Amino acid sequence: MNANIKSALLVGVLFILAAVTAIIGLLLYDPILNGPDYLMKGSEHANQVILGALMELMLVRGNACFYVCLVSHVRCHSTSFFLGCYLGAASSS
């Protein structure tokens, strides 16, 4: 397989991983946080909260890896496009 195809495949897999872990984390947290007695529910369902937190950590790590891989992939294709995106994002901050 070509290196560009491998890089693009890795970017896609990381994006899907981030999306799936975000949805799972939301499904685990949502019933607990939206109840009127969320502190009691949180302590009663400690394993659900821990699993939701683990999903959020996987989301953060997946997003970080996604952006690192995406930057390396975009930089290989077009340096001027990469610099334009980077400078545009830096100037808007």
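Every value quoted in this text rests on a predicted model; they were computed, and no experiment measured them.
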Of the non-hydrogen atoms in Leu28 and Gln48, which two are nearest, and what is the gap between them?
O-NE2, 2.9 Å
Going hydrophobic residue to hydrophobic residue with side-chain gaps under 4.5 angstrom, can you get from Met55 over to Val20?
yes
Linked, directly or transitively: Met58 and Ile16 (ILVMFWY side chains, under 4.5 Å):
yes
Rounded distance (nearest 0.5 Å) linking atom CG of Leu51 with atom CG of Asn47
8.5 Å
Measuring from atom CG of Leu17 to atom CG of Asn63, what distance do you get when rounded to the nearest 0.5 angstrom?
9.0 Å
Are any side-chain N or O atoms of Tyr29 and backbone N or O atoms of Asn34, one a donor and one an acceptor, separated by less than 3.5 Å?
no
Out of Leu57, Leu54, Leu59, which one pairs with Thr21 under the side chain to side chain contact (heavy atoms under 4.5 Å, CB included) rule?
Leu59
